[in-house]
Number of protein chains: 4
Amino acid sequence: MLIRIDPQSPDPIFEQIAFQIKGAVARGDLSDGDKLPSVRELAKDVSVNPNTVIRSYEVLEREGVILRRQGSGCFITGKTSMLNDDERKRQLSLLMRRTVTEAYHLGFSSEDIRKSLDVGLRGVHFRKEKRKK
Amino acid sequence: MLIRIDPQSPDPIFEQIAFQIKGAVARGDLSDGDKLPSVRELAKDVSVNPNTVIRSYEVLEREGVILRRQGSGCFITGKTSMLNDDERKRQLSLLMRRTVTEAYHLGFSSEDIRKSLDVGLRGVHFRKEKRKK
Amino acid sequence: MLIRIDPQSPDPIFEQIAFQIKGAVARGDLSDGDKLPSVRELAKDVSVNPNTVIRSYEVLEREGVILRRQGSGCFITGKTSMLNDDERKRQLSLLMRRTVTEAYHLGFSSEDIRKSLDVGLRGVHFRKEKRKK
Amino acid sequence: MLIRIDPQSPDPIFEQIAFQIKGAVARGDLSDGDKLPSVRELAKDVSVNPNTVIRSYEVLEREGVILRRQGSGCFITGKTSMLNDDERKRQLSLLMRRTVTEAYHLGFSSEDIRKSLDVGLRGVHFRKEKRKK
DNA sequence: GTGGTCTAGACCACA
DNA sequence: GTGGTCTAGACCACG
């Protein structure tokens with residue numbers, strides 16, 4: 001579980017931590033039931049205040065990615081978003097609109113963008129999950 | 001040039017404005033040489049503080065999307081990112097990693113994600129530009 | 001907007017604040033678009049640290065009850081949960097099981113319990129909202 | 001006497017145990033004079049630390065649900081709350097206010113809520129007990 | 001003025 | 001040992 005913080009990033013530290021954990025889950029490096037490093041341990045590793053780690057874990061818990069249990073630690077749930085379908089679709093659509101616009105302004109063609117997405121998708125471990133349509 | 005602020009969005013207003021202009025450029029609604037509304041005019045249109053509009057224009061200028069000329073106004077440059085190729089590729093890669101991770105946690109399959117990207121791409125007007133890979 | 005903290009309560013302060021705001025929304029005392037007191041103001045009113053109020057507001061934002069906008073303040077959204085139906089039903093069922101069990105152990109009959117629920121329901125302002133089943 | 005711990009639940013283990021015993025009493029699965037499993041036995045059954053079970057039993061004793069007798073074990077008292085009537089009514093009212101508020105924010109109608117309560121009540125075995133209102 | 005992030009450090013609760 | 005809450009106070013970002 002290697003977390004790296006970029007102090008130059010405009011993104012707050014707690015979000016960087018949370019995102020990297022989400023990335024590890026998406027890649028399959030962390031999965032259902034796995035234990036995260038303790039708050040104090042991770043705080044020491046990345047040299048931030050424990051409160052900042054707690055905040056990251058809070059965010060992840062509210063998104064349903066992890067579970068926090070007093071006295072025992074934090075664990076990956078293996079679940080994805082519990083939002084309703086309208087909201088999930090809305091968020092996906094927003095995300096893609098943003099992505100495409102930014103990629104366009106970086107000067108890439110639609111073919112470049114599609115290829116880059118495929119590269120990204122190859123790194124993700126999709127589970128065979130049943131989800132009601 | 002229709003800008004709409006979503007008061008429900010967590011994004012700051014200046015970013016929403018900048019992003020919508022970038023979106024208009026990507027769609028081809030605005031192109032090389034087109035003049036943007038004046039700061040005051042746009043501020044009045046969307047009912048925000050002129051300082052907020054100025055900030056949006058600053059962002060766009062820094063990204064090379066527009067050019068601000070003293071006294072005559074702001075114009076679309078029609079150029080994409082001025083970064084070097086390595087940096088552009090790095091940013092595209094980062095962007096896609098982020099996109100894929102978030103989409104995964106929203107509970108979408110790789111097929112859903114690809115389709116959603118295609119929908120996004122369909123809205124963009126790509127120019128036939130030669131650019132080194 | 002009167003918030004009262006019970007320092008004796010086992011519930012953390014930030015939850016007490018969040019819950020009272022949810023109560024005000026349910027009663028109709030606060031509705032769509034209404035502005036909440038500023039973080040500093042409320043912190044002063046209830047004599048707690050501003051960070052504690054921020055935390056309450058964070059919770060409410062994540063539940064979709066309010067919106068926080070830098071520079072302008074926090075506002076009621078007027079929306080209810082964005083969770084999917086399975087999760088909503090699961091939570092309602094858990095809530096009711098807990099409620100009934102506790103009420104039973106307080107020594108009340110099913111008739112008492114039903115009446116008490118009705119009293120509670122009378123205080124709530126239900127909107128005519130369309131929600132897909 | 002089947003106790004099941006939900007590792008997904010945010011509630012502490014000792015509360016889950018205590019609550020499930022209260023639930024069994026409410027359903028009539030356990031009644032006046034029934035003996036609870038010994039601390040060690042139950043701890044082994046649900047794979048938790050004996051201290052955790054002890055804590056659950058302490059909670060139940062404090063609420064009057066069980067009686068702990070040195071050397072002989074723990075027994076269901078069959079009694080409900082020992083609080084005076086004003087306090088009991090106050091607690092019921094608080095409970096219902098909380099329940100209704102949460103159910104409202106989950107997006108349920110008053111009819112949904114009433115139905116869900118009825119479902120919950122159907123699982124409870126009410127005794128014909130005389131108690132002053 | 002608004003909200004947001006982070007630190008340091010005290011103290012509490014659960015297993 | 002684990003996580004959770006709260007305070008005090010510095011400093012940043014948005015409008």
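All chains are named by letter (A, B, ...) in the order of the sequence lines, taking the proteins before the strands, and each is independently numbered beginning at 1.
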For this session: Measure from NZ on C/Lys44 to P on F/dT7 and round the result to the nearest Å.
Result: 16 Å
Problem set entry | Residue closer to the 5' end of DNA chain E, A/Asp11 versus D/Phe14 (nearest nucleotide) | A/Asp11
Exercise. What integer distance in Å separates A/Ile5:CD1 from E/dC6:C1'?
Worked result: 13 Å
For this session: Would you mind reading off the distance between C/Tyr57 atom OH and E/dG3 atom C1', rounded to a whole angstrom?
Result: 11 Å
Exercise. Given atom NZ of C/Lys35 and atom P of F/dG15, what is their separation to the nearest angstrom?
Worked result: 14 Å
Seminar exercise, completed: Across every strand shown, the nucleotide meeting Watson-Crick or G-U wobble geometry with E/dC14 (both distances under 3.5 Å) is F/dG1
For this session: Look at the side-chain N and O atoms of C/Ser38 and state whether any lies under 4.0 Å from the OP1 or OP2 oxygen of E/dT2.
Result: yes
Exercise. Among F/dC6, F/dT5, E/dG3, which is the nearest nucleotide to the side chain of A/Ile54?
Worked result: F/dT5
For this session: Indicate whether the side chain of B/Arg97 and that of B/Thr101 have a donor and an acceptor atom separated by less than 3.5 Å.
Result: no
Exercise. Does the cation-pi check pass for D/Arg55 over D/Phe14, that is, NZ or CZ under 6.0 Å from the six-membered ring centre and within 45° of its axis?
Worked result: yes
For this session: Find out whether the Lys NZ or Arg CZ of C/Arg98 is both under 6.0 angstrom from the six-membered ring centre of D/Phe19 and within 45° of the ring's axis.
Result: yes
Problem set entry | Under-3.5 Å donor-acceptor pair between D/Asn51 side chain and E/dA15 base | no
Exercise. Taking atom P of F/dG4 as reference, at what distance in whole Å does atom CD of C/Gln16 sit?
Worked result: 18 Å
Exercise. For the side chain of A/Arg68 and the base of F/dG4, is some donor closer than 3.5 Å to an acceptor across the two?
Worked result: no
Exercise. Less than 4.0 Å between a side-chain N and a carboxylate O, is that true for C/Glu63 and A/Arg62?
Worked result: no
For this session: Would you mind telling me which of F/dT7, E/dA15, E/dC6 lies closest to the side-chain atoms of A/Ile13?
Result: E/dC6
For this session: For A/Pro50 and for D/Thr52, find the nucleotide of DNA chain E with the closest heavy atom, then tell me which residue's nucleotide is more 5'.
Result: A/Pro50
Exercise. Is a side-chain donor-acceptor pair under 3.5 Å present for B/Gln91 with B/Glu87?
Worked result: yes
For this session: Compare the minimum distances between each of F/dG3, E/dA8, E/dG3 and the side chain of A/Asn49, then state the nucleotide with the smallest one.
Result: E/dA8
Problem set entry | Residue closer to the 5' end of DNA chain F, A/Gly73 versus C/Glu15 (nearest nucleotide) | A/Gly73
For this session: Could you check how far CD of B/Glu58 sits from C1' of F/dG15, rounded to whole Å?
Result: 14 Å
Exercise. Which part of the nucleic acid does D/Val48 contact within heavy-atom distance under 4.0 Å: base, sugar-phosphate only, or nothing?
Worked result: nothing
Exercise. Of all the choices, E/dA15, E/dA8, F/dT5, which nucleotide is nearest to the side chain of C/Arg55 once you look at every atom?
Worked result: F/dT5
For this session: May I ask you to verify whether the side chain of A/Arg40 and the base of F/dG3 hold a donor-acceptor pair under 3.5 Å?
Result: yes
For this session: Find the distance C/Phe75:CZ to E/dG3:P and express it as a whole number of Å.
Result: 9 Å
